[in-house]
Amino acid sequence: MKKRSRSTEVILSTDSINVVYQESLIALQNVSLDIPAAKLTAILGPSGCGKTTLLKVIAGLIKPTSGSVKVRGKEIEGPGPDRALVFQDFALLPWATVLQNVGFGLRARGVPKKERDETSLHYIKEVGLLGFEDKYPHQLSGGMRQRTGLARALTINSDILLMDEPFSAVDEQMRRKLQEDLLNLLKVENKTVIFVTHSIEEAVYLADQVIILSGRPGSVAEIVYPKIDRTGEIDLIRRQPGYIDLVDEIWSSLKKYVE
Amino acid sequence: MQKSPFWSLIFWAGVWEFVGQMQWMTLLPPLSGIWFAFAELFQQSAFWDAFIMTARTFGIGLSLSIVVGIPIGILMGISSRADKILSVWVNLFLSAPITAVIPALMPILGIADATVIATVILFSIWVVIIDTQAGVTHVKDSLVEMGKIFGCSRSKIIFWIVIPSAMPEIITGIRLSVVRAVKGVIVGQIVIALIGFGGLFSTYLSYFLMERFWALIIVVFIMSFTIIGLVEMLERRIAFYAKSR
Amino acid sequence: MENQIKYSQTNEDSKLNITKVGPKTSLLFFRIISFFLVFLIWELAGRSDISIAFPPFSKVFLAFIEMILSGEFVEAYADSLPPLLIGLLITVVGGVIIGVSVGLVRSAEWFIMPLLIIFQTAPVSALIPMLTYIYGISDTSKIVAIVILGMPLVALNSYKGIQSTNPSLLEMSASFLASRTNTIIFVILPSAQKMIFAGLRLGISGAFIGIVLAELLITPTGIGDLITYNRFIARYDKMFATIVSILAIAGLTLSLMRVFEDWLFPKEKN
């Protein structure tokens with residue numbers, strides 16, 4: 001498909017980011033990255049390597065000790081409408097319905113209720129939650145909660161979608177379903193996705209570019225470009241010859257950082 | 001529990017009846033005798049005057065505690081400076097023997113509603129503040145981050161995310177403050193000993209009208225129990241979202 | 001867009017400037033400011049014409065010193081402290097024993113729980129004037145007042161602490177064939193510790209309310225009498241000084257309790 005074609009336009013870049021906590025604990029060291037537009041980039045690494053910190057720096061939630069993040073060449077000054085974040089723990093308001101949760105970003109911008117609900121319903125339908133818009137988060141399964149979080153991120157129509165281990169809080173089968181649905185969704189929505197994960201399989205399955213972070217302090221160890229064809233049947237992705245090899249390859253280079 | 005606590009209550013009522021019938025203590029009449037005292041109690045205008053006075057002072061004092069306590073708690077939750085300045089005092093008064101302050105209130109505020117209201121407030125406001133603050137400080141980081149991501153201003157984050165999130169703790173604080181306000185309104189009236197139920201208690205005691213004395217104790221107990229039960233019901237209704245946070 | 005959130009708000013150590021206890025020096029600094037502010041407001045309020053019965057802080061402070069030097073405090077506390085200490089001891093020891101046994105033994109739970117709940121909600125303070133008729137004007141009255149106001153709180157919290165033991169820890173203990181005694185000592189009591197201490201703090205505060213009530217209502221001795229007497233002769237500065245002294249002692253006792261708890265069970269780092 002055209003939208004997943006190998007254009008090399010860089011939409012977001014980070015320039016030698018350092019994050020130091022309390023003057024001694026170095027979370028990120030000299031991280032410089034280019035994120036290609038309309039591609040899915042996975043950030044992979046052992047736990048505690050600073051991958052979530054990196055994503056939050058990109059989101060504008062954490063100010064790096066030094067270095068900068070640029071979107072289309074312009075330095076960011078905090079969270080912005082060009083980037084939407086999907087949270088690991090969903091971050092849904094427990095007292096609000098699915099419709100209200102999905103419309104939160106629009107409400108924050110002062111979009112009138114009618115228009116807000118229309119847009120929200122459109123994305124609720126797109127993530128497959130139609131019929132659940134009046135339910136509360138505690139009435140939903142983990143998978144449905146994350147679909148709500150995803151729909152909320154989509155409503156503000158940002159070009160860049162940041163996802164912080166979005167499927168780690170759901171069970172294995174639900175995770176597979178959500179991964180497939182994400183790929184299908186990206187065929188419709190033209191998004192640049194930056195995706196934090198600790199699962200090698202998930203990274204290889206989804207990503208066009210896998211950034212491997214080393215352990216503490218987090219720095220870029222390697223960048224891998226999976227040659228996986230995702231244009232055809234989604235079910236066939238894991239059967240492609242390169243898939244298992246690449247998973248093994250990444251594991252052998254990552255192994256030394258684990259523990 | 002295998003057996004219902006109801007039977008335990010019946011058992012204790014039986015013990016009371018037995019001790020009363022034995023007439024070991026004139027201060028403790030048999031439970032059965034107290035039944036008639038209820039009717040007498042409800043016929044007295046003094047009882048209803050005391051009831052209205054108690055309800056009024058309790059209501060005003062508790063409402064003021066809640067209306068003033070919640071904003072202070074929120075302020076202490078979002079501003080570390082306010083927290084550092086106020087927390088010493090809030091924690092001190094939370095568990096201080098407020099009873100000792102009542103004699104000081106009487107010459108300032110007079111032997112009337114104002115002193116009882118002040119006692120109710122001094123008993124009940126601190127727990128509202130503490131619990132509200134706890135609710136505000138324990139807001140999930142990710143919810144606040146979510147607000148920032150979608151460009152919420154600081155005040156929107158506070159009103160749309162932080163305060164609703166703190167609701168379960170705030171309700172718990174209100175429940176605990178109701179319990180303390182009940183104690184405050186009674187203790188206040190008893191220390192003043194001239195007005196409301198406190199006046200009735202001391203009158204009945206000095207004239208040895210023990211049936212009425214105990215009947216009044218039971219009536220006050222049932223009223224406290226009902227009020228506290230109602231707040232607990234309210235608390236349970238919004239418990240679902242405390243769990244799913 | 002409209003999100004002009006400054007970076008100062010997005011630092012890692014503050015979400016909304018919600019900062020936990022800062023460095024020690026700054027906390028001390030704020031404590032001093034806090035005390036200074038309260039005393040200043042008190043002084044100004046006392047100097048304004050709110051009521052002659054509300055003396056300014058400076059007067060109360062001087063009265064406080066005077067009462068220490070003249071021995072009035074010593075005399076009053078010599079009357080109040082012994083029954084308070086005995087009452088506290090009974091409250092603490094008795095409350096924990098009752099609470100723990102009610103939590104561990106089913107039949108005790110059935111038997112005593114309703115009583116505890118009634119004692120916690122009932123207007124127990126109304127019973128205190130009655131104590132004079134039973135025990136007269138004596139230390140016993142004070143002790144009983146302390147115990148009936150403090151002990152139910154300690155017992156109920158100890159009970160709740162025992163009940164809240166993590167069931168999977170109990171299953172673990174059972175699967176390793178631990179004896180009942182071992183389970184109680186190594187699993188149940190340690191996990192109830194927090195609640196028990198919370199109950200002790202509530203109980204101590206109840207005990208102070210009990211002694212003050214008893215001395216105000218029935219036995220005109222000790223601290224309660226000093227408050228009533230000074231009100232009667234309109235020495236409001238001395239009355240406030242006495243009230244401040246009992247509030248301070250209650251606050252100090254509770255802080256000591258906290259220190260004791262931290263010493264006994266050092267906080268785990270999280």
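Just so you know, these numbers use all the heavy atoms, side chains as well, and skip hydrogens, waters and symmetry mates. Below, chains carry the letters A, B, ... as their sequence lines are ordered, and counting in each starts from 1. Keep in mind that what you see is a predicted model, and the values were worked out from it rather than measured.
- Heavy atoms of other residues, nucleotides or ligands lying less than 6.0 angstrom from CZ of B/Phe221 number more than 12.
- Side-chain contact between B/Phe150 and A/Pro79 is absent, with no heavy-atom pair separated by less than 4.5 Å.
- Within a 6.0 Å radius of CD in A/Glu172, more than 12 heavy atoms belonging to other residues, nucleotides or ligands are found.
- Applying the 6.0 Å contact sphere to CZ of B/Phe38 captures more than 12 heavy atoms from other residues, nucleotides or ligands.
- Counting only heavy atoms from C-beta outward, the side chains of B/Met167 and A/Trp95 never approach each other to under 4.5 Å.
- At least one donor-acceptor pair closer than 3.5 Å links the side chain of B/Lys156 to the backbone N or O of A/Ala108.
- In this structure, B/Phe42 places its CZ atom where more than 12 heavy-atom neighbours from other residues, nucleotides or ligands lie under 6.0 Å away.
- The part of A/Ile156 that comes within reach of chain B is its side chain, from C-beta onward, which places non-hydrogen atoms under 4.5 angstrom from that chain.
- Taken from CG in A/Asp89 to CE in B/Met146, the straight-line distance is 10.0 Å, to the nearest 0.5 Å.
- Using a 4.5 Å heavy-atom cutoff, the side chains of B/Ile149 and A/Phe104 are not in contact.
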